[in-house]
Amino acid sequence: MTTQARTLSEAPASTTDSTDPAAGAAIGDGSANANWLNRYTDAVMNTFGAPGRVLVRGRGVRVWDADGKEYTDLLAGIAVNCLGHAHPAIVEAVTDQLSTLGHVSNFFTTPAQVRLAEELISLTFPGPAARESRVFLANSGTEANEAAFKIARRHGGGSRPRVLALQDAFHGRTMGALALTYKAAYREPFEPLPGGVEFIPAGDVGALRNALGPDVAALIVEPIQGEAGVRELPAGYLEAARELTKAVGALLIIDEVQTGMGRSGAWMAHHLIAPGVVPDVVTLAKGLGGGIPIGAVVATGEAATLLGPGQHGTTFGGNPVACAAALAVIETIGSQDLLGRVERLGSAWARDLAAVDGVDQVRGRGLLIGIGLTEGLPPAGEIAAALAARGFIVNAPRPDTIRLAPPFILSDDDARAFTTALSEVLTRALSEKVGS
Ligand SMILES: *Cc1c(COP(=O)(O)O)cnc(C)c1O
């Protein structure tokens with residue numbers, strides 16, 4: 001591990017930083033979290049339920065709440081803060097760009113935007129496809145998928161009204177991406193959604209073959225379904241999907257919003273899971289900006305030409321500050337061999353986690369890890385709360401799964417400390433179960 005990464009993961013123990021007004025207000029009678037949460041409830045729409053904590057500061061893999069409690073952040077803003085918090089490369093890139101030129105609109109371009117598009121093409125399509133690839137820059141994952149959906153609509157000039165998505169898929173919350181998202185509780189309150197979307201069982205090649213035809217514009221898949229509990233598509237599925245979509249002229253769209261930008265141990269999870277498969281469209285966001293909002297669509301071949309002038313747009317997309325952050329992320333991952341780090345730490349950690357009593361199975365790749373709990377344990381949300389009390393931030397995408405998506409700079413010691421804490425929490429939960 002590099003010296004810089006080690007330094008970053010060892011944040012100072014002091015939480016009484018008097019130069020930080022938020023932290024300063026925090027240290028006191030231990031009621032700062034509760035006070036902020038009350039004000040939150042009175043000011044912020046209740047779309048997320050009550051937040052677990054009020055966070056005021058972060059450095060490396062640590063964050064601190066308003067009452068001064070320290071946490072190891074193993075969720076990283078849901079697979080976003082891939083370099084941890086306050087990484088000097090991102091801070092410097094954003095500061096330099098913002099103090100030089102902060103925003104220009106899409107009547108203009110900037111060197112940061114052009115350089116990022118070039119980088120994304122070579123990372124996403126490392127082979128000959130790079131030559132005929134183009135990028136659209138957006139601000140989030142759902143927006144990247146909106147653009148991909150519009151590309152699919154343009155494909156076939158009206159003769160391909162159908163779009164296939166997978167059961168348990170998550171592609172975002174705006175109306176188009178929501179139409180591609182499986183969960184009924186997310187979708188149904190907002191119907192009618194854009195039409196023509198059909199869901200087929202994930203990983204079932206026969207079902208895909210039956211559903212495909214010359215009227216299908218596209219198939220959209222996540223290589224590892226994150227929100228569904230970190231479930232990778234079975235071996236061979238992406239290869240079959242590529243062959244079958246090509247045979248009927250449908251586009252293959254791979255949503256790498258959560259799995260991309262090194263999280264799996266490769267730049268793109270599909271490079272690992274299905275080497276040789278070249279999709280038509282790849283969508284990115286989460287880790288791309290290392291914490292600064294940005295999304296991207298990288299398309300190749302005909303798909304790269306389907307949106308013409310006036311057919312899509314965004315005021316903020318391609319903003320130079322966001323592009324500078326993404327360039328810093330890419331440069332740092334590359335120069336510090338963080339892909340290798342993610343791969344090595346991820347596989348060793350997964351082995352250790354799988355040996356913990358109460359863990360049924362460990363899924364995922366690299367540092368996107370789903371810990372499947374054995375039957376009969378309390379819901380994963382309760383386990384996550386017990387871990388938060390011990391100073392570890394994780395989440396529970398399903399009642400039987402804990403998700404880890406930590407910064408790539410996590411140290412071996414921090415990973416081990418979590419494994420020990422998980423073991424203690426699950427041992428206690430198992431013994432309470434036996435005792436009850
Ligand atoms: C998070 C996520 C999205 C949505 O991204 P937002 O930035 O929250 O809009 C889309 N697809 C996948 C696979 C995701 O994990």
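Just so you know, ligand 1 is whichever comes first in the structure, and atom 1 is the first atom listed for that ligand.
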Identify the protein heavy atom lying closest to [atom], giving its residue, its atom name and the separation to 0.1 Å.
{"atom": "atom 1 (C) of ligand 1", "answer": "Lys286 NZ, 1.5 Å"}
{"atom": "atom 9 (O) of ligand 1", "answer": "Thr142 N, 2.8 Å"}
{"atom": "atom 7 (O) of ligand 1", "answer": "Gly141 N, 2.8 Å"}
{"atom": "atom 11 (N) of ligand 1", "answer": "Asp255 OD2, 2.7 Å"}

ask   = With a 4.0 Å cut-off, would you call Asp204 and Arg209 a salt bridge?
value =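 Looking at Arg209 together with Asp204, the answer is no, because their closest N to O distance does not fall below 4.0 Å.
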key: Salt-bridge criterion met for Arg62 and Asp414 (N-O under 4.0 Å)   = yes
ask   = If you measure every N/O of Glu227 against every N/O of ligand 1, is any gap under 3.5 Å?
value = no
ask   = Okay, side chain of Arg154, backbone of Gln311: is any donor-acceptor separation there less than 3.5 Å?
value =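 No: the side chain of Arg154 does not pair with the backbone of Gln311.
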query = Is a donor on one side and an acceptor on the other found under 3.5 Å between the side chain of Ser264 and the backbone of Ala266?
reply = yes
message = Can you tell me how the ring of Phe170 sits relative to the ring of Tyr186, calling it parallel under 30°, perpendicular over 60° and tilted otherwise?
response = perpendicular
query = Applying a 4.0 Å heavy-atom criterion (strictly less than), which segment of Glu222 is in contact with ligand 1: side chain, backbone, both, or neither?
reply = side chain
ask   = Any idea which part of Asn145 is under 4.0 Å from ligand 1, heavy-atom wise: side chain, backbone, both or neither?
value = side chain
ask   = Which atoms of ligand 1 sit under 4.0 Å from any heavy atom of Gln258?
value =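 Answer, ordered by atom number: 15 (O).
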ask   = Are Phe149 and His171 an aromatic pair by the rule of ring centers under 6.0 Å?
value =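 Not under 6.0 Å, so no.
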